[in-house]
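A quick write-up on the structure given underneath.
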Amino acid sequence: MVRPRVFFDFAIGADLVGRVIFELFNDTVPKTAENFRALCTGEKGISAVSQCPLYYKNSIIHRSIGDFMIQGGDFTKRNGTGGESIYGGNFPDEDLSRPLDAEGLLCMANRGPDTNGSQFFITLRECPHLDGKHVVFGRVLKGYEEVVKKLAEVPVDEKYRPKLPIVILKCGELELRRADRSSDVELKRSERSSKRRKARSQSSGSERDRRSQRKKSKHRTSEIVVGDVHQTELDVHKETEEEYDARLEREERERIEAETRKELERLGREIPSRKEGGVRFKGRGKMKFIDPELHRRQ
């Protein structure tokens, strides 16, 4: 359980002295600690009993006994005869087992058993004679040497009333839970930052993988080209439809010419030319041709 922390900003006359921070024992005396905490924040508003704000702000230290204690908390009458709790009037003692065995303890002032209201005192030394009579509900966490001792040094009159007003200029709660939330926020930010770094790392890894795959693909392509140059060249220099048709016509024309030459060669071997008595027979013998030159010489 986190113990609440509250503060008083004290002034002597017109001079600001400093801040005192208290830690409240809400784990052992929760009702008493809550009463003091709420009177420090003023969150309860106006009292239905006294019509005064339930708030320590601008109240005074009305009693100071050197080497013993300083007392305050009477925000209704400001003389030690008033004050009230947030519960309406007085409330009973919670736990009287904690001893007043040190300086800087925060205790409830009362007029006897079960008469706790809003008045409190801060011990300046051990007070064993008050054990079992006053509820100890907190301690000074910071500001005892710097502030509380200065307050105790203010001169007092015969009734132990400070001759200079010791005023609580400001008071409130120091919310440790907000600090915890702030830590949680920082932790969440750190986690988000870590996730972003991880995502960037994964993205970089994926990019590296993609680049590696592209390199491998290029390598495989180069292997295909080396292994089958002809196929690659065909793929690269693929004919258009017009070029294909022209090539077919050219090949067909060359084939026909080649067949024609072969046929003429065959015919030349089978049917040779014959000459008989000036008469030369050509072809297959169906026509007879007489050469006039030969016939004239005869």
Side-chain angles (χ1 to χ4, degrees), residues 3-13 15-33 35-37 39-40 56 59-75 78-83 85 90 93-169 171 174:
R3 288 176 171 176
R5 295 183 182 183
V6 295
F7 69 92
F8 286 165
D9 288 340
F10 283 104
I12 299 174
D15 298 328
L16 180 64
V17 179
R19 173 168 293 188
V20 178
I21 297 176
F22 304 97
E23 180 183 60
L24 306 181
F25 303 150
N26 63 331
D27 50 343
T28 56
V29 284
K31 190 171 183 178
T32 307
N35 177 67
F36 190 83
R37 187 202 65 80
L39 292 174
C40 287
Y56 284 136
S59 65
I60 63 172
I61 296 297
H62 62 268
R63 189 181 183 203
S64 177
I65 302 176
D67 197 31
F68 177 29
M69 60 86 175
I70 58 173
Q71 183 175 337
D74 182 1
F75 52 79
R78 299 170 68 89
N79 59 12
T81 62
S85 73
N90 297 326
D93 299 321
E94 277 191 285
D95 181 11
L96 297 172
S97 62
R98 187 185 292 269
L100 285 73
D101 56 358
E103 61 185 15
L105 294 178
L106 186 60
C107 311
M108 290 301 296
N110 57 48
R111 296 187 300 272
D114 301 325
T115 57
N116 300 289
S118 60
Q119 292 192 43
F120 62 88
F121 64 90
I122 302 170
T123 61
L124 301 178
R125 60 171 175 83
E126 298 178 1
C127 304
H129 61 288
L130 299 179
D131 289 348
K133 298 178 180 178
H134 296 269
V135 176
V136 180
F137 65 93
R139 67 186 180 97
V140 175
L141 197 62
K142 184 178 180 181
Y144 182 83
E145 295 290 336
E146 304 87 344
V147 181
V148 175
K149 285 189 173 182
K150 285 184 180 180
L151 302 182
E153 292 172 357
V154 174
V156 296
D157 61 15
E158 64 279 2
K159 293 185 178 180
Y160 303 106
R161 293 176 297 193
K163 293 182 178 180
L164 293 174
I166 301 175
V167 183
I168 300 173
L169 289 180
C171 55
L174 302 173

Would you say CZ of Phe68 has more than 12 non-hydrogen atoms from neighbouring residues, nucleotides or ligands within 6.0 angstrom? yes
Value rounded to 0.5 Å, distance of CZ in Phe25 from CG in Leu105: 6.5 Å
Are the side chains of Arg3 and Leu24 in contact, using a 4.5 Å heavy-atom criterion? no
Checking side-chain polar atoms at under 3.5 Å, does Asn90 have a donor or acceptor matched by the opposite partner on Asp114? no
Check: Ser85 side chain, Ser118 main-chain N or O, donor-acceptor pair, under 3.5 Å: no
Distance in Å, Phe121 CZ paired with Leu106 CG, rounded so as to fall on 0.5 Å steps: 9.0 Å
Between Ile60 and Ile166, is any pair of side-chain heavy atoms under 4.5 Å apart? no
List the steps, then state whether side-chain contact (heavy atoms from CB on, under 4.5 Å) holds for His62 with Asn79. CA-CA 6 Å; His62 62 268; Asn79 59 12; 5.8 Å; no
With heavy-atom distances below 4.5 Å as the criterion, would you say the side chains of Val167 and Phe10 are in contact? no
Side-chain heavy atoms of Glu146 within contact of Arg19, under 4.5 Å: no
Stepwise side-chain contact (heavy atoms from CB on, under 4.5 Å) test for Phe22 and Val140: CA-CA 5 Å; Phe22 304 97; Val140 175; 3.7 Å; yes
Atom CG in Leu164, atom OG in Ser64: separation rounded to 0.5 Å? 11.5 Å
side-chain contact (heavy atoms from CB on, under 4.5 Å) between Phe8 and Cys40: does it pass, once the steps are laid out? CA-CA 8 Å; Phe8 286 165; Cys40 287; 3.6 Å; yes
Minimum heavy-atom separation for Pro162 and Ile61, please, with both atom names. CG-O, 3.5 Å
Measure the spacing between OG of Ser59 and CD of Gln119 and express it to the nearest 0.5 Å. 10.0 Å
At what distance, to the nearest 0.5 angstrom, does CE of Met69 lie from CG of Leu124? 8.5 Å
Interatomic distance, Arg63 atom CZ to Ile70 atom CD1 [nearest 0.5 angstrom]: 12.5 Å
Is there a donor-acceptor pair closer than 3.5 Å between any side-chain N or O of Asp74 and the backbone N or O of Gly83? yes
Residues forming a side chain to side chain contact (heavy atoms under 4.5 Å, CB included) with Glu94, sequence neighbours excluded: Val29, Pro30, Lys31, Thr32
With no hydrogens and no angle check, is any side-chain donor or acceptor of His134 less than 3.5 Å from a backbone partner on Met108? yes
Over all heavy atoms of both residues, which pair between Thr123 and Ala102 is shortest? Give the atoms and the distance, please. OG1-O, 2.8 Å
side-chain contact (heavy atoms from CB on, under 4.5 Å) for Ile21 and Val6? Distances and angles first, verdict last. CA-CA 6 Å; Ile21 297 176; Val6 295; over 6 Å; no
Provide the closest heavy-atom pair for Cys107 versus Val136 in the form atom of the first, atom of the second, distance. SG-CG2, 3.9 Å
Would you say the ring centroid of Tyr56 lies under 6.0 angstrom from that of Phe120? yes
Give a yes or no on whether the backbone of Gly112 and the side-chain of Asn110 come within a donor-acceptor separation of less than 3.5 Å. yes
Within the side chain of Arg125, is there an N or O that forms a donor-acceptor pair under 3.5 Å with the backbone of Asp67? yes
